[in-house]
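Computed over heavy atoms, backbone and side chain alike; hydrogens, waters and symmetry mates excluded. For the single chain, residues carry numbers from 1 onward in sequence order.
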Amino acid sequence: VWWYASSKGAVSCKGLYNITTAFIIEVFYCHLSVCFEIPELFMNQKHSLKSSMLKFTLLPLLFLGTATPVWACSQSNKDKTSETKDYQLTSNSQCFIFNNIGQEIDKITWSGQCQDGYASGTGTASMYSKGELMLHIDGEYQHGMVKDKGIITWDAENECEVKRYEGEFKDGNPFGQGITDFTDGNRYVGPTVPRGTPYKGVFTWGENSQWNGDRYEGEFISGQKHGFGTYTSGMFEEWRKQGITYKPEAFKYPTDFDSWEGYRYEGEWKDNNRNGNGSFISKAMKYDGQWRDDLKNGYGKAQWFENNTRYEGFWVDDTLEGKGKLTYENKYVYEGNFKAGKKNGIGKIVYQNGAWYEGEFLNNDVTGKGELHFVSGSVSKGSLINGRLWGFNTLTVPKSAYQLYIDKRSPLGKWINDNTFVEQGWYVDDKLIFVCQNEVDCKSQAKTDATKRQAIKKFEQKMHELYGS
């Protein structure tokens, strides 16, 4: 890994984002502990990823393309022979131990045997700085360094909050499969591989984390979720009763969720965001479809459990946008255009009682020009505002409907045959004000009639309130 070094031999935990020959995780030297950050790795309580940088402490990794592994930014300035370079004599046994940290470590003790002047066999190397035990490494040693598998325990507090690493080593440094535990109970299980190489791992939040119980399992590239993976968030009460602080794989049904913010996403990721095809489910709803930039974008199907509302169509940034079909159980089915999450533009709605409308919508309301079919069999063709007749309309009423709603019929209407009554003209709030043949004729009559002119003005004012022009 490429390291940042300061003149004092220590650096803070800052991301190495533009380093091309680095490992999967940005690695840092922080006050004698080694840290890495997984930027924006995990999602927040609802649907978006956490915007903050979540810092995790891990283990030092190999310097890519270099024969000599390092743990720290700084290098010792002590004169050493080529054979013992990057090694340090232990204070208690005069064995050489591989010093992964560098000049910041001023004392190392060794509990095992020496062979040819190097730590060998099973033992513990303890590393000190200014008299304080910083960390110790248990394992099977060969030629002064951990051979295959080992355990690193951080004894001193460190800003990166690392606690323990247990796993595979290579050239004295952690490399390959391992388990890393953090002071807040977080845990990472997975490999370290060359940067840019896809790999699979699991990260689980612990009991002292504000995201206790959250879990991601899947593919990564360069420390970011990339490829296919599953993220679960929230805990349900039964788990708490059982003392379980992480999510089992069976977490997939609405009844599995606690009343707060629980959800599960399984699908494709890109650069830490949900991107591609994926399935989302929470206590409130489920969604199967396309994602972009961590939001529902493209075509997808959704269902809201409380009222069994279903939607199938297009989305933009988690919002219904474009063509779609919305089914509201026991109420209506709408198929048409959406804008900003509402019925807007041209569409058709069919109500549970059999009535239906096809035409223009505005912010979920039947507003604009269209054709409204009543349950009674009456049909209105013309302009409506909030489902009521405004402006020019032609209302056709069958005889059966006329008898049912005779009190609502206008004396300005007329029977065109034995079975059909027609009202045609200018309406204000469902009431026929005057008769005219079309909209142009209505406005022409209004030029010489103050009452008619006032009726048209009311309509225009109402439309201005709605459309702003």
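- Residues Trp269 and Tyr216 bring their aromatic ring centres within 6.0 Å.
- Distance check, rounded to the nearest 0.5 Å: OH of Tyr328 to CG of Asn330 gives 10.0 Å.
- The minimum heavy-atom distance between His136 and Ser126, with the atom names listed, is CB-OG, 3.7 Å.
- By the 4.5 Å heavy-atom criterion applied to side chains, Thr309 and Gln303 are not counted as neighbours.
- There is a side-chain donor-acceptor pair under 3.5 Å between Tyr299 and Glu312.
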**Intermediate values then yes/no, ring-ring contact (aromatic ring centres under 6.0 Å, His included), Phe338 and Tyr311** = CA-CA 11 Å; Phe338 289 84; Tyr311 173 78; 5.3 Å; yes
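- Relative ring orientation between Phe96 and Tyr118 is described as tilted, the plane-to-plane angle lying within the 30° to 60° band.
- In the model, Ser233 has a side-chain atom that pairs as donor or acceptor with a side-chain atom of Asp214 under 3.5 Å.
- Under the 4.5 Å side-chain criterion, counting only non-hydrogen atoms from C-beta, Tyr334 is not in contact with Asn364.
- Closest of all the heavy-atom pairs between Phe98 and Asp171 is CE2-O, 3.9 Å.
- The aromatic ring centroids of Phe280 and Tyr265 lie 6.0 Å or more from each other.
- Rounding to the nearest 0.5 Å gives a distance of 9.5 Å between CZ of Arg187 and OG1 of Thr180.
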**Request:** Tell me, with the steps shown, if Asn308 and Arg310 meet side-chain contact (heavy atoms from CB on, under 4.5 Å).
**Result:** CA-CA 6 Å; Asn308 199 29; Arg310 297 182 301 279; 3.2 Å; yes
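- With rounding to the nearest 0.5 angstrom, the CG atom of Leu384 is 6.0 Å from the CG atom of Leu372.
- Residues Pro174 and Tyr165 come closest through the heavy atom pair CB-CE2, 3.5 Å.
- Within a 6.0 Å radius of CD in Gln113, no more than 12 heavy atoms belonging to other residues, nucleotides or ligands are found.
- Between Trp356 and His373, the ring-plane angle classifies as parallel under the 30° and 60° cut-offs.
- If you check the side chains of Asp317 and Thr319, you find no donor sitting under 3.5 Å from an acceptor.
- Contact check on Asp429 versus Arg388 returns a salt bridge, with a Lys/Arg side-chain nitrogen under 4.0 Å from an Asp/Glu carboxylate oxygen.
- The structure places CG of Asn273 at 8.5 Å from CD of Gln224, a figure rounded to the nearest 0.5 Å.
- A donor atom on one side chain and an acceptor atom on the other are not found under 3.5 Å apart for Asn363 and Asp365.
- The two residues Phe169 and Ile151 make their nearest non-hydrogen contact at CE1-N, 4.3 Å.
- Residues Trp110 and Tyr141 place their aromatic rings such that the two centres sit under 6.0 Å apart.
- Annotation: Gln94, atom CD; neighbour count of heavy atoms from other residues, nucleotides and ligands within 6.0 Å is above 12.
- Remark: Leu133 CG to Thr153 OG1 distance equals 9.5 Å, nearest 0.5 Å.
- The shortest heavy-atom contact between Lys200 and Pro191 is O-CD, 3.0 Å.
- Side-chain atoms of Asn275 and Glu268 form no donor-acceptor pair, as typed in the model, at a separation below 3.5 Å.
- The shortest side-chain heavy-atom distance between Trp154 and Thr183 does not fall under the 4.5 Å cut-off.
- Put simply, the side chain of Met127 reaches to within 4.5 Å of the side chain of Ile137, judged on heavy atoms.
- Using a 4.5 Å cut-off on side-chain heavy atoms (C-beta onward), Glu217 and Tyr231 make no contact.
- There is a side-chain donor-acceptor pair under 3.5 Å between Thr122 and Glu140.
- A cation-pi arrangement is not found for Lys163 relative to Phe182, the charged atom failing to lie both closer than 6.0 Å to the ring centre and inside a 45° cone about the ring normal.
- Among all heavy-atom pairs drawn from Asp106 and Gly131, the shortest one is OD1-N, 4.4 Å.
- Judged by the 6.0 Å and 45° rule, Lys296 forms a cation-pi pair with Tyr287.
- With contacts defined as side-chain heavy-atom distances shorter than 4.5 Å, the pair Ile346/Asn337 does not qualify.
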**Item:** Derivation of the side-chain contact (heavy atoms from CB on, under 4.5 Å) call for Leu466 and Leu362
**Value:** CA-CA 8 Å; Leu466 293 170; Leu362 177 66; 3.8 Å; yes
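- Residues Tyr263 and Ile281 form no side-chain contact, since every pair of their non-hydrogen atoms from C-beta on lies 4.5 Å or further apart.
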**Request:** Check step by step if side-chain contact (heavy atoms from CB on, under 4.5 Å) holds for Thr367 and Tyr467.
**Result:** CA-CA 10 Å; Thr367 296; Tyr467 290 94; 3.9 Å; yes
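- A salt bridge does not link Lys462 to Glu460: none of the charged side-chain nitrogens sits closer than 4.0 Å to a carboxylate oxygen.
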**Message:** Determine whether Glu168 and Lys170 satisfy the following criterion, salt bridge (charged side-chain N to carboxylate O under 4.0 Å, His left out), listing intermediate values before the conclusion.
**Reply:** CA-CA 7 Å; Glu168 298 176 336; Lys170 181 179 180 181; over 6 Å; no
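- For the 3.5 Å distance criterion, the side chains of Thr109 and Asn92 fail to qualify, holding no donor opposite an acceptor.
- Between Met134 and Tyr128 there is no side-chain heavy-atom pair separated by less than 4.5 Å.
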